[in-house]
There are 2 protein chains.
Amino acid sequence: MPSHSGGAMKIPRPIPLRESVFEALLELIISGQLTRGQHLVESELAALLGVSRQPVREALQLLSGEGWVDLHPGQGAFVHSPTAEEADQLLAVRALLETESARLAARHATAEEVERLRALCARGMAATEAGDIDTTVALNSELHAAVTELSRNAVLGDLAAQVSRRVRWYYTPVAARRGRSSWEEHAALIDAIADGDAGQAATIMRAHTEHTRTVYLSRLAEEHPASPEPVRRRRRRGPLDS
Amino acid sequence: MPSHSGGAMKIPRPIPLRESVFEALLELIISGQLTRGQHLVESELAALLGVSRQPVREALQLLSGEGWVDLHPGQGAFVHSPTAEEADQLLAVRALLETESARLAARHATAEEVERLRALCARGMAATEAGDIDTTVALNSELHAAVTELSRNAVLGDLAAQVSRRVRWYYTPVAARRGRSSWEEHAALIDAIADGDAGQAATIMRAHTEHTRTVYLSRLAEEHPASPEPVRRRRRRGPLDS
DNA sequence: CCCGTCGTGACTGCCTACAGTATACGGAGC
DNA sequence: GCTCCGTATACTGTAGGCAGTCACGACGGG
């Protein structure tokens, strides 16, 4: 995330293998192929991805740093199993960071940048109308990321990006019922940013994120049963074994 | 940072070597033995600490994740060289996180916990009076950490802790001139928390952190010259060589 | 029948070794 | 004398391998 670099964004020529592994594992986690609480055995993953254990280890530590897996010393890595409480806290923090981002964005955004936001918003609304959940979620993330970038605060942007990615994990099943209203809120937000009305932008973003949080919680309350204490036991045989 | 655990804080028996290395390197960076922009050669550090390269690599990646070093693929690790702009952004984010923490702390804190805060505050003021900068800074961090813990939001607490540690790096030279007033503000903050006055606590914390930020910036403006474009060249001979 | 103890297997943590690559130095050409 | 290029060096990235350790299962005792 080079945030708002001045045009000369440095792209390291050799993409380290650990990052490729990181992306791959992240995809496996988000897509659910690696289930919550599952024990991740380094050698199995290494064999699965066709690399050695070392890049896998490093990728697992990166994932641990961002809260995707839990690293138990001497015991290995386990896919993080988020509790309802934690999700709520995460959404609260997101609300905080994004609200501030919106406030700052309203102060700094140029007309050209506002246009980019509008374009994103239009595409997002189209995807929603078409019922394309995955694209909708992706565009939602992209729009929020764009706003944080406009805050002109790289540190804030990085933190928000990190939190957003985790939120996105829980968010996908919620996206459907947020539907159209979410994008109408986005449109209102962009208007406020275009006007340079910081207070208004912050207020809208606050309402928007809190709305999402409410929807998430209500959904959680419905399918209530959930977590029968996830498996922390050491796995001997599992879905990865052929 | 197990945040607000309920008494049974899990302490993994074998402390991984990478964490010890992490701590050691962090100390070397904060104390200035590793200067800004310096190229960190894995093998040298490994020899220095008497371990192999692997734990050093992993520690460097942890440090990179928290913004202490920059990892250039195929080139190695360099001690991060924070710009004035970045420091300002960091302080702004800290203000945001800590303000929210204070607000939440005021809602959740028990009388017993407030007492702990007061004790910390008293010790801090004593250290300041005694002119013990290091202890003052340490207690300052501890107090702020205690407040974020009282927010009862582990995610917020972790983020704030991370940001605070980085702030502390820049903060040490500033601590002296913040002096007594800082601890008076702390005392006022604790009063607000004790009263359960969330709004007041937030306001005080906002003013407190913004005050710190102002002092930092003014100090920066004074010793203005600064950064003669730090060394990014690859080092062949250096202070680590014996 | 339940509980403590020992044996076994498997996985992590760490070290060593190799290959690829970017940088720095020295020499040849202009 | 300056620039360009070849060679050498040293560092990173990756692989493989060994020892320590944790968990599980079986056996024997209460």
Side-chain angles (χ1 to χ4, degrees), chain A residues 10-25 34 37-65 69-79 230-242, chain B residues 10-25 34 37-65 69-79 230-242:
Chain A
K10 296 189 177 181
I11 182 164
R13 278 92 70 187
I15 299 161
L17 200 46
R18 69 185 109 105
E19 295 200 5
S20 308
V21 174
F22 174 89
E23 306 272 354
L25 291 180
L34 300 176
Q38 177 174 344
H39 182 201
L40 300 177
V41 181
E42 296 175 358
S43 48
E44 287 181 4
L45 297 176
L48 184 70
L49 300 174
V51 296
S52 131
R53 270 182 57 208
Q54 171 111 354
V56 173
R57 273 182 72 80
E58 296 181 352
L60 286 175
Q61 289 176 22
L62 289 182
L63 288 167
S64 164
V69 306
D70 298 323
L71 233 43
H72 294 235
Q75 197 170 350
F78 298 80
V79 179
V231 203
R232 290 189 85 93
R233 247 189 79 255
R234 195 155 181 164
R235 212 177 41 80
R236 292 292 170 148
R237 297 290 130 191
L240 245 63
D241 309 334
S242 55
Chain B
K10 294 189 178 179
I11 184 164
R13 278 93 71 189
I15 299 161
L17 199 46
R18 58 170 171 267
E19 294 199 7
S20 309
V21 175
F22 174 88
E23 307 271 354
L25 292 180
L34 300 176
Q38 178 173 344
H39 182 202
L40 300 177
V41 180
E42 295 175 358
S43 47
E44 286 182 6
L45 297 176
L48 183 70
L49 300 174
V51 297
S52 141
R53 273 180 55 209
Q54 171 120 350
V56 174
R57 273 182 73 80
E58 296 180 351
L60 286 175
Q61 289 174 23
L62 288 182
L63 288 167
S64 164
V69 306
D70 299 322
L71 235 41
H72 294 235
Q75 198 170 347
F78 298 80
V79 179
V231 203
R232 291 190 87 90
R233 245 189 81 258
R234 197 154 181 163
R235 214 178 39 79
R236 291 290 171 150
R237 297 290 129 192
L240 244 63
D241 309 335
S242 55

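Order of the sequence lines fixes the chain letters, A, B, ..., with proteins taken first and strands second; residue numbering starts at 1 for each chain.
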Legend entry - side-chain contact (heavy atoms from CB on, under 4.5 Å) assessment of Gln54(A) paired with Gln54(B): CA-CA 9 Å; Gln54(A) 171 111 354; Gln54(B) 171 120 350; 2.5 Å; yes

Inset, instruction - Run the numbers on Arg57(B) and Arg57(A) for side-chain contact (heavy atoms from CB on, under 4.5 Å), then give the verdict. - result: CA-CA 11 Å; Arg57(B) 273 182 73 80; Arg57(A) 273 182 72 80; over 6 Å; no

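Between Leu45(B) atom CG and dA10(D) atom P there is a gap of 17 Å when expressed in whole angstrom units. The nearest whole Å value for the distance from the CD atom in Glu42(B) to the P atom in dA17(C) is 17 Å. In this structure, the CG atom of Leu17(B) is 8 Å from the C1' atom of dC14(C), given to the nearest Å. The CZ atom of Arg18(B) sits 15 Å away from the C1' atom of dC15(C) (whole-angstrom rounding). Atoms CD (Glu58(B)) and C1' (dT12(C)) sit 11 Å apart, rounded to a whole Å. Between Leu40(A) atom CG and dA10(C) atom P the separation is 19 Å, expressed in whole Å. Here dC11(C) presents its P atom at 17 Å from NE2 of His72(A), a figure rounded to the nearest Å.
Contacts of Arg57(A) with the nucleic acid, taken as non-hydrogen atoms under 4.0 Å apart, include base atoms. Counting any heavy atom pair closer than 4.0 Å across all strands shown, Leu71(B) reaches no nucleic acid atom.
Considering only the side chain of Pro55(A), dA15(D) comes nearest among dG13(D), dA15(D), dC15(C). Checked against dT12(D), dC14(C), dT12(C), the side chain of Gln54(B) finds its nearest nucleotide in dC14(C). Checking dC15(C), dG13(C), dC11(C) against every side-chain atom of Val41(A), the shortest atom distance belongs to dC11(C). The side chain of Ser43(B) lies closest to dC11(D) when the candidates are dC11(C), dC11(D), dG13(D).
Between the OG atom of Ser20(A) and the CG atom of Leu25(A) there is a distance of 10.5 Å, given to the nearest 0.5 Å. Atoms CG and CD, from Leu71(B) and Glu19(A) in turn, are 9.0 Å apart once rounded to the nearest 0.5 Å.
A close approach under 4.0 Å does not occur between any side-chain nitrogen or oxygen of His39(B) and OP1 or OP2 of dT23(C). Remark: Ser52(A) is not in phosphate contact with dT14(D), judged by side-chain N or O atoms under 4.0 Å from OP1 or OP2.
By the 30° and 60° cut-offs, the orientation of the rings of Phe78(B) relative to His39(B) is parallel.
Not a single donor-acceptor contact under 3.5 angstrom links the side-chain atoms of Gln75(A) to the base of dC22(D).
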